[in-house]
Trainee: 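Take this structure first; my questions come after.
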Amino acid sequence: MLHATALIEAYLPRPSLDRTEDPLLRDLHRAGALTDEVIADPTHTRRSGLLAVSAADGHVLDPSLSGTHPRRIALGAPTNSRAVAAFARPPAHERPAFRQNDAVARALLCALSAQFPKREMATSTM
């Protein structure tokens with residue numbers, strides 16, 4: 001049995017693009033350049049508050065483009081595409097989180113290579 005004199009409750013607030021304190025997300029959301037996930041069934045529809053991204057490569061869904069934005073990519077818990085089981089039993093290269101990270105890295109490299117000439121990318125310092 002455990003006895004305590006105090007309880008500290010710690011939680012994260014529910015995700016919400018409407019209430020985000022991040023100025024970039026807030027401005028893009030207000031401009032209609034990104035949206036949150038919509039969950040629907042035959043009788044109900046609700047918004048999850050999670051940033052809607054492509055499950056394949058993390059590109060942000062942009063309603064003003066009626067699809068994904070070619071250069072906006074998001075990853076992680078605030079998105080609707082979260083890979084789970086980073087430490088699952090399969091070999092490391094087959095774990096869902098690593099596969100998702102690899103797909104996002106490929107998408108970023110493709111977006112950069114389309115924007116910058118190869119010569120410029122080769123001489124760039126990061």
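This chain uses plain numbering: 1 for the first residue, then up along the sequence.
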Trainee: Output yes when a side-chain donor or acceptor of Q100 lies under 3.5 Å from a complementary backbone atom of G76, and no otherwise.
Mentor: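 No; judged by distance alone, with no hydrogens or angles, the pair does not exist.
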Trainee: Would you give the length of the straight line joining atom NE2 of H69 to atom CG of L34, rounded to the nearest 0.5 angstrom?
Mentor: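 That separation rounds to 10.0 Å.
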Trainee: OG1 of T20 to CG of D22: how many Å apart, nearest 0.5 Å?
Mentor: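 These two atoms lie 5.0 Å from each other.
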Trainee: Considering non-hydrogen atoms only, spot the tightest contact between E21 and R26 and give its length.
Mentor: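 Heavy atoms only, the tightest pair is O-NH1, 3.5 Å.
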Trainee: Answer yes or no: is there a donor N or O on one side and an acceptor on the other, between the side chain of S113 and the main chain of L109, under 3.5 Å?
Mentor: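 Yes: the side chain of S113 pairs with the backbone of L109.
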Trainee: Salt-bridge test for R72 and D62: reply yes if a basic N is under 4.0 Å from a carboxylate O, no otherwise.
Mentor: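 Salt bridge flag = yes for D62 with R72.
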Trainee: Tell me whether the count of non-hydrogen atoms from other residues, nucleotides or ligands lying under 6.0 Å of CZ in R46 goes above 12.
Mentor: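 Yes - once you tally the heavy atoms of other residues, nucleotides and ligands closer than 6.0 Å, there are more than 12.
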Trainee: Identify the heavy atoms of S81 and A55 that sit nearest to each other, and give their distance.
Mentor: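 What the structure gives for the nearest pair is OG-CA, 3.6 Å.
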Trainee: Where do S64 and A33 come nearest, in terms of heavy atoms and distance?
Mentor: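 Here S64 and A33 meet closest at OG-CA, 4.4 Å.
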Trainee: Would T43 and D41 count as having a side-chain donor-acceptor pair, cut-off 3.5 Å?
Mentor: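 Judged by distance alone, the side chains do pair up.
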Trainee: Distance-only, no hydrogens or angles: does the D57 side chain make a donor-acceptor pair with backbone N or O of R106 under 3.5 Å?
Mentor: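 No: the side chain of D57 does not pair with the backbone of R106.
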Trainee: Can you give me the closest heavy-atom contact between H29 and T35, atom names plus distance?
Mentor: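 Between these two residues, the closest heavy atoms are ND1-CA, 4.4 Å.
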Trainee: Side-chain heavy atoms under 4.5 angstrom apart, residues restricted to Ile, Leu, Val, Met, Phe, Trp, Tyr: same cluster for L51 and L28?
Mentor: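 Yes, L51 connects to L28 through the hydrophobic network.
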Trainee: Spell out, yes or no, whether V53 and L25 are grouped together once hydrophobic residues are joined by side-chain heavy atoms under 4.5 Å, including indirect joins.
Mentor: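 Yes, because V53 and L25 connect within a single hydrophobic cluster, where side-chain heavy atoms sit under 4.5 Å apart.
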Trainee: Measure across L50 and N80 and return the closest heavy-atom pair with its distance rounded to 0.1 Å.
Mentor: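 Nearest heavy atoms, L50 then N80: CB-N, 3.9 Å.
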Trainee: Let's go through L75 and N101 carefully: what are the C-alpha distance in whole Å and the side-chain angles of both, what is the deciding distance for side-chain contact (heavy atoms from CB on, under 4.5 Å) to 0.1 Å, and is it a yes or a no?
Mentor: CA-CA 8 Å; L75 182 66; N101 291 343; 3.3 Å; yes
Trainee: Is there a donor-acceptor contact under 3.5 Å from the side chain of H59 to the main chain of P70?
Mentor: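 Here the side-chain-to-backbone pair exists.
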Trainee: Calculate, to the nearest 0.5 Å, the distance between atoms OG and CD1 belonging to S54 and I73 respectively.
Mentor: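 S54 atom OG to I73 atom CD1 measures 9.5 Å (nearest 0.5 Å).
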Trainee: Indicate the atoms forming the closest heavy-atom contact of A74 with T79, along with that distance.
Mentor: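 Answer, listing the atom of A74 first, then T79: CB-CG2, 3.8 Å.
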